[in-house]
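For reference, the structure is listed below as structure tokens.
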Amino acid sequence: MMVCEYKPGLEGIPAAQSSISYVDGQKGILEYRGIRIEELAEKSTFLETAYLLIWGELPSKEELEAFEHEIRHHRRIKYRIRDMMKSFPESGHPMDALQASAAALGLFYSLRDLHNPAYIRDSVVRLIATIPTMVAAFQLMRKGNDPVRPRDDLDYSANFLYMLNEQEPDPLAAKIFDICLILHVEHTMNASTFSARVTASTLTDPYAVVASAVGTLGGPLHGGANEEVIQMLEEIGSVENVRPYVEELIQRKAKIMGFGHRVYKVKDPRATILQNLAEQLFAKFGADKYYDIAQEVERVVEEKLGSKGIYPNVDFYSGLVYRKMGIPTDLFTPIFAIARVAGWLAHWKEQLAENRIFRPTQVYNGKHDITYTPIDQR
Ligand code: SDX
């Protein structure tokens, strides 16, 4: 057998063949099924983009309407799921609540035929439809309120914001939120998608696939960074404090949250779009001093680390957008998950189409032929 060089973090090693999305990290290009992210952000909707990713082509008008209709009618969560969530500690992180709830959904739909397209579609619809309801339900119940029922007259994003805030959202905010979901839905072989594909390769159910991916997304090196960015901006507190703060982080070799990427060596195209969306919100609803701080952080980091290819990633400006919409900081990563679930499901479907269980090798660097020492002699 060929002996390969060990690469920490599997850097540069293809883990799958995929036609779902493409990144050119030198040029800052991201495409979903060949379509540039900028074009989808401008012209598409989250559900249409989800359809594109999962079924490979843009839907016809009838196909999109049918998909939207199915999603609309699967938004409610079972009262047993709601009651289970009610017993979660209010102090628990909403990502943990989401992971547990996504896994619990699988209890109601025991594994059926993974080769049956109707089963695949059913699971896709149920997961995309209910994950936002679960995130909103946990948010209201941890404040001691009853969850709000989804509203069938509202589209996907407007309905989520309605369930979260118990009032109909401003149309600009709902539109911008929908674009945010498009920007977060898919991103090649990132850690949570890899986790989803590994789990899928064992032929387990899609609820376990999504639950494992949610758990992976939550870490601060991945989706969890969006929450930490806001904490960092608050800690910096003023534009004047940016330079000494960043210099101190660099000096002790700490990571600056929302910066750097394994693939992008230029500014993440999603960060550019998110920055623009944040500006639209500030123009309509008033400025945010943390935006000035963020821009200064970007300037100083570029000056100090730009030569190493360290630029803002998707997590740097998203929090400022959600913050302006009044969304609590610890819901930023669950919102990332609301979007990414469609990407994970596209990879689940692609993995099943040509499945082989993931079973990489390792480079053993331990001992051999050690004799067992009885406990009283250790
Ligand atoms: C996401 O993979 C995806 O596609 C993910 C994602 C998606 O859509 O799914 O795009 C979403 O997860 C975005 C990333 C969110 N995470 C953060 O913002 C956390 C901060 N960023 C880093 O920790 C880091 O850049 C990673 C985790 C994103 C990437 O890690 P790598 O590829 O393993 O890079 P590394 O840690 O080995 O760093 C390489 C060099 C080091 O310097 P040297 O030792 O070579 O001198 O770059 C430096 C690092 O110190 N570096 C940073 C830095 N990121 C990298 N220095 C300061 N601040 C940073 N943020």
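Any value given below was found using the heavy atoms of this structure, including those in side chains, with hydrogens, waters and symmetry copies removed. Source: prediction; values computed, not measured. Note that ligands are numbered from 1 as they come in the structure, with each ligand's atoms numbered from 1 the same way.
In summary, the atoms of ligand 1 found under 4.0 Å from a heavy atom of Gly258, numbered by their order in the structure, are 17 (C), 18 (O). Per-residue contacts place Met257 under 4.0 angstrom from the following atoms of ligand 1 (heavy atoms of the residue considered): 18 (O), 19 (C). Close approach of ligand 1 to Ala225 is summarised as follows: ligand atoms under 4.0 Å from at least one heavy atom of the residue are 15 (C), 16 (N), 17 (C), 18 (O). Using a 4.0 Å cut-off to heavy atoms of Leu305, the atoms of ligand 1 that qualify are 57 (C).
Residues Tyr322 and Ile230 are not in side-chain contact: their nearest non-hydrogen atoms beyond the backbone lie 4.5 Å or more apart. Side-chain contact between Met141 and Asp146 is absent, with no heavy atoms from C-beta onward closer than 4.5 Å. Between Leu140 and Glu166, the closest side-chain pair of non-hydrogen atoms falls below 4.5 Å.
Geometrically, ligand 1 and Ile310 share no nitrogen or oxygen pair separated by less than 3.5 Å. Checking only distances, Asp268 never comes within under 3.5 Å of ligand 1, N or O to N or O. Residue Ile256 has at least one N or O atom closer than 3.5 Å to an N or O atom of ligand 1. In terms of N/O distances under 3.5 Å, ligand 1 is not approached by Val314. Of the N or O atoms in Asp315, none lie within a sub-3.5 Å distance of an N or O in ligand 1.
Counting only heavy atoms, the protein gets under 4.0 Å from atom 14 (C) of ligand 1. There is no protein heavy atom closer than 4.0 angstrom to atom 34 (O) of ligand 1. Atom 30 (O) of ligand 1 is not flagged as protein-proximal [any protein heavy atom, distance under 4.0 Å]. Distance check for atom 37 (O) of ligand 1: every protein heavy atom is found at 4.0 Å or beyond. Under the 4.0 angstrom criterion, atom 19 (C) of ligand 1 counts as having a protein heavy-atom contact.
The nearest heavy-atom contact from the protein to atom 16 (N) of ligand 1 is Leu221 O, 2.9 Å. The shortest contact between atom 4 (O) of ligand 1 and any protein heavy atom is with His187 ND1, 2.6 Å. The protein non-hydrogen atom at the shortest distance from atom 2 (O) of ligand 1 is Asn190 CB, 3.4 Å. The single protein non-hydrogen atom nearest to atom 50 (O) of ligand 1 is Lys255 CE, 3.5 Å, given as residue, atom name and distance. Scanning the protein for heavy atoms near atom 41 (C) of ligand 1, the closest one is Lys308 NZ, 4.3 Å. The nearest heavy-atom contact from the protein to atom 1 (C) of ligand 1 is His222 ND1, 3.6 Å. Nearest protein neighbour of atom 28 (C) of ligand 1, counting heavy atoms only, is Gly260 O, 3.6 Å.
The closest approach between any non-hydrogen atom of His184 and ligand 1 is not below 4.0 Å. Residue contact annotation: Arg340 has a non-hydrogen atom under 4.0 Å from ligand 1. At least one heavy atom of Pro220 sits less than 4.0 Å from an atom of ligand 1.
A salt bridge is absent between Glu57 and Arg33; no separation between the charged side-chain nitrogens and carboxylate oxygens falls under 4.0 Å. Comment: Lys43 does not engage Glu48 in a salt bridge, judged by the lack of any side-chain N to carboxylate O separation of less than 4.0 angstrom. Contact check on Arg270 versus Asp315 returns no salt bridge, with no Lys/Arg side-chain nitrogen under 4.0 Å from an Asp/Glu carboxylate oxygen. A salt bridge links Arg323 to Asp288: at least one charged side-chain nitrogen sits closer than 4.0 Å to a carboxylate oxygen. Ionic pairing of Glu168 and Arg151 is present here: one or more N-O contacts between side-chain nitrogen and carboxylate oxygen are shorter than 4.0 angstrom. A salt bridge does not link Glu90 to Lys143: none of the charged nitrogens lies less than 4.0 Å from a carboxylate oxygen. A salt bridge does not link Glu39 with Arg36: none of the charged nitrogens is closer than 4.0 Å to a carboxylate oxygen.
Because its NZ or CZ atom is not both nearer than 6.0 Å to the ring centre of Phe358 and within 45° of the ring axis, Arg197 does not count as a cation-pi partner of that residue.
Asp369 CG: 12 or fewer foreign heavy atoms inside a 6.0 Å radius. Within 6.0 Å of NZ in Lys284 there are more than 12 heavy atoms belonging to other residues, nucleotides or ligands.
Comparing heavy-atom distances from atom 21 (N) of ligand 1 across Phe336, Phe259, Phe316, Tyr311 singles out Phe259 as nearest. With His261, Arg262, Lys304 as candidates, the residue nearest to atom 10 (O) of ligand 1 on a non-hydrogen basis is His261.
Applying the salt bridge (Lys or Arg N to Asp or Glu O under 4.0 Å) rule to Arg252 yields the partners Glu248; only residues at least two apart in sequence or on another chain are considered. Every residue meeting the side-chain hydrogen bond (donor to acceptor under 3.5 Å, both in side chains) condition with His222, not counting sequence neighbours, appears here in chain and number order: Asn190, Ser192.
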